[in-house]
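First listed ligand is number 1; within each ligand, the first listed atom is number 1. Residues: numbered from 1 along the sequence shown. Side chains included, hydrogens not; waters and symmetry mates left out as well; all remaining heavy atoms used.
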Amino acid sequence: MQDVLRQFPLEGGVISCEPYGSGHINDTYRVETDKGVLYILQRINTHVFPNVDGLMHNISSVTAFLSERATDPREAMHLVRTVSDAPYYKDAQGGCWRVYDFVTGSVCLQKIERAQDFYESAYAFGNFQQMMAQFPAETLFETIPNFHNTPDRYQKLQRAIESDRMGRVKEVSEEIAFARSLAQEVGRLHALRESGALPTRVTHNDTKINNVLMDEVSGKALCVIDLDTVMPGLAAYDFGDSIRFGAATAAEDEEDLSRMRLNVDLFETYTRGFLAACKNLTPLELETLPLGALTMTQECGVRFLTDYLEGDTYFKIHRPDHNLIRCRTQFTLAADIKRHLPKLGEIVSACARG
Ligand code: ADP
Ligand code: GN1
Ligand code: MG
């Protein structure tokens with residue numbers, strides 16, 4: 001780690017470097033120097049992001065674009081370039097490392113404690129999308145092709161079932177049946193994107209509440225982080241993924257499925273915040289926001305199930321059946337979202353009217 005940290009022009013000598021946060025993808029560390037300055041050091045997951053140059057090109061240009069427009073420096077992440085002025089450092093073993101300034105005085109929530117926090121995160125993600133409407137989308141690399149292409153996620157599940165590498169298919173027949181029962185309905189967003197009925201926008205694509213930082217005093221959202229998946233996408237992806245994670249009554253890996261439901265009040269809170277910041281949605285985009293919540297939840301369940309069948313090679317796990325547990329919570333939540341769709345449509349219409 002010392003060798004890695006020497007490659008970045010940090011203020012002061014490093015006194016600690018500890019694992020930090022609870023992301024499923026990168027290895028994240030909090031670094032502190034003897035001058036009291038904090039940094040975030042990350043080893044980029046190159047299995048998930050093989051094109052690190054493309055990824056870091058995106059991050060450099062998106063962070064620069066956002067900081068030019070920020071009124072407070074804490075509103076945009078700041079990437080620390082290496083001593084050779086590169087956006088990341090590649091070590092002798094091929095590990096790829098990047099450093100950000102730690103956004104001081106911020107907190108990162110793992111779950112919603114107050115509705116106001118969810119409103120704040122909604123405003124931040126809505127605002128992110130509104131600002132990125134001015135960003136030259138054609139300069140972005142597609143860091144994970146087909147990231148929210150739901151039919152493609154189903155094809156990957158099908159291939160995992162057919163190869164049954166871990167011999168786990170026999171344990172998950174109920175989950176496979178549930179996945180298939182919603183395949184057509186959750187394939188609709190992708191079809192609407194392909195036909196051009198829904199506009200492609202620059203979206204974040206991973207809008208969990210722990211990908212936004214809040215001011216520890218005022219509780220106001222400061223900045224959107226985890227920009228690895230900023231790519232062309234649909235408004236409904238960003239809206240839907242936030243609902244999946246934040247408007248759920250239980251954690252993504254809750255074992256007691258009776259605790260997992262949609263919190264309709266939080267759905268309403270998020271919709272108000274998102275639409276207060278993101279003003280340019282078309283009528284069909286608005287109409288399909290609830291379908292986005294269903295689709296992102298079901299798709300995430302399909303991804304967890306696929307990873308379970310493939311032997312847990314994608315998402316970090318902390319127990320052998322972690323991905324199966326995560327899949328079950330997502331499918332339970334998807335079923336509840338489906339039951340509420342008419343009501344959710346009414347809420348979106350009411351919020352869009354103001
Ligand atoms: P992953 O892709 O693995 O989710 P993230 O980029 O989201 O990685 O980082 C993991 C965690 O590290 C975040 O949830 C947040 O707690 C923390 N974090 C990341 N960047 C910063 C930052 N610039 N300032 C403060 N905390 C940060
Ligand atoms: C991953 O990186 P993180 O933990 O914020 C994943 C998301 C999933 C999420 C499920 C690049 O997000 O797509 O929805 O886990 N990110 C990537 O919690 O695959
Ligand atoms: Mg994250």
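Judged by a 6.0 Å distance limit and a 45° cone about the ring axis, Arg69 is positioned over the six-membered ring of Phe65. The cationic atom of Arg98 (NZ for Lys, CZ for Arg) does not lie both less than 6.0 Å from the six-membered ring centre of Tyr89 and within 45° of the ring axis.
Nearest N/O/S atom of Asp226 relative to the Mg ion (ligand 3): this is OD2.
Neither the backbone nor the side chain of Asp228 comes within contact range of ligand 2; no heavy atom lies under 4.0 Å. Counting heavy atoms under 4.0 Å from ligand 2, residue Asp226 touches it through the side chain alone. Proximity of Asp206 to ligand 1, defined as any heavy-atom pair under 4.0 Å, is not found for any part of the residue. Residue contacts with ligand 2, taken as heavy atom pairs separated by less than 4.0 Å, involve Phe147 solely via side-chain atoms from C-beta onward. Of all the heavy atoms of Arg30, none lies under 4.0 Å from any atom of ligand 1, so neither backbone nor side chain is involved. Contact annotation: for Glu252 versus ligand 2, heavy atoms closer than 4.0 Å belong to the side chain alone. Counting heavy atoms closer than 4.0 Å to ligand 1, residue Asp101 contributes backbone atoms (N, CA, C, O) but none from C-beta onward. For Asn26, heavy-atom contacts with ligand 1 shorter than 4.0 Å involve the backbone as well as the side chain. Contact annotation for Asp226 and ligand 1: heavy atoms of both the backbone and the side chain come within less than 4.0 Å of the ligand. Here Phe304 has side-chain heavy atoms under 4.0 Å from ligand 2, and that is the only part of it that gets that close.
The distance from ligand 2 to the heavy atoms of Asn211 drops below 4.0 Å at these ligand atoms: 5 (O). Per-residue contacts place Asn210 under 4.0 angstrom from the following atoms of ligand 1 (heavy atoms of the residue considered): 13 (C), 14 (O). Shown in contact with Tyr314 at under 4.0 Å from a heavy atom are these atoms of ligand 2, numbered in order with element: 11 (C), 17 (C), 19 (O). Taking a cut-off of under 4.0 Å to the non-hydrogen atoms of Ile25, the atoms of ligand 1 that pass are 2 (O), 3 (O). Near Asn211, meaning under 4.0 Å from one of its heavy atoms, ligand 1 places the atoms 7 (O). Residue-ligand proximity, Gly23 to ligand 2, at heavy-atom distances under 4.0 Å covers atoms 4 (O). Near Met77, meaning under 4.0 Å from any of its heavy atoms, are these atoms of ligand 1: 23 (N).
Taking distance alone, with nitrogen or oxygen atoms compared against 3.5 Å, Ser22 stays at or beyond that limit from ligand 2. For the pair His24 and ligand 2, the shortest N or O to N or O distance falls below 3.5 Å. In terms of polar-atom proximity, Thr229 is not counted as a contact of ligand 2, lacking any N or O under 3.5 Å from an N or O of the ligand.
Put simply, Asn211 gets within reach of the Mg ion (ligand 3), with an N, O or S atom under 2.8 Å from it. In summary, no N, O or S atom of Asp206 is located under 2.8 Å from the Mg ion (ligand 3).
Evaluated for a salt bridge (Lys or Arg N to Asp or Glu O under 4.0 Å) with Arg328, the options Glu175, Glu254, Glu255, Glu252 yield exactly one hit, Glu175.
Counting protein heavy atoms only, atom 16 (O) of ligand 1 is closest to Cys108 SG, 3.2 Å. When hydrogens are left out, the protein atom nearest atom 24 (N) of ligand 1 is Val103 N, 3.0 Å; that is the closest non-hydrogen contact. The protein heavy atom nearest to atom 10 (C) of ligand 1 is Thr28 OG1, 3.6 Å. Regarding atom 17 (C) of ligand 1, its nearest protein heavy-atom neighbour is Tyr20 CE2, 3.7 Å. Closest protein heavy atom to atom 11 (C) of ligand 1: Gly21 CA, 4.1 Å. Protein heavy atom in closest approach to atom 19 (C) of ligand 1: Ile225 CD1, 3.6 Å.
Formation of a donor-acceptor pair under 3.5 Å by the Asp238 side chain with backbone atoms of Asn205 is found in this model. Put simply, the side chain of Arg30 never gets that close to the backbone of Phe102: no donor and acceptor are under 3.5 Å apart. A donor-acceptor distance shorter than 3.5 angstrom exists from the side chain of Thr203 to the backbone of Met231, with no hydrogens or angles considered. Side-chain atoms of Glu285 come within 3.5 Å of backbone atoms of Thr282 as a donor-acceptor pair (strictly under, hydrogens ignored). Counting only distance, with no hydrogens or angles, the side chain of Asp307 and the backbone of Tyr314 share a donor-acceptor pair below 3.5 Å. A donor-acceptor distance shorter than 3.5 angstrom exists from the side chain of Lys316 to the backbone of Asn26, with no hydrogens or angles considered.
Contact annotation: Arg326 has no heavy atom less than 4.0 Å from any atom of ligand 2. For Gln42, the closest heavy-atom approach to ligand 1 falls below 4.0 Å.
No side-chain heavy atom of Val202 sits under 4.5 Å from any side-chain heavy atom of Gln129. No side-chain heavy atom of His190 sits less than 4.5 Å from a side-chain heavy atom of Glu299. Taking 4.5 Å as the limit, every side-chain heavy atom of Lys90 sits out of range of all side-chain heavy atoms of Thr82.
For the atom pair OG1 (Thr295) and CD1 (Ile243), the distance works out to 13.0 Å, reported to the nearest 0.5 Å. Within the model, atoms CG of Leu281 and CG of Leu234 stand 11.0 Å from one another, a figure rounded to the nearest 0.5 Å.
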Glu11 and Thr33: side-chain hydrogen bond (donor to acceptor under 3.5 Å, both in side chains), yes or no, with the steps? CA-CA 7 Å; Glu11 234 185 290; Thr33 71; over 6 Å; no
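Smallest separation of non-hydrogen atoms from Lys156 and Thr306: O-CG2, 3.8 Å.
Aromatic ring centres of Phe118 and Tyr270: separated by under 6.0 Å.
Using cut-offs of 30° and 60° on the angle between ring planes, the pair Trp97 and Tyr29 is tilted.
Compare Asp27, Ile40, Thr229 by their heavy atoms: the one nearest to atom 18 (N) of ligand 1 is in Ile40.
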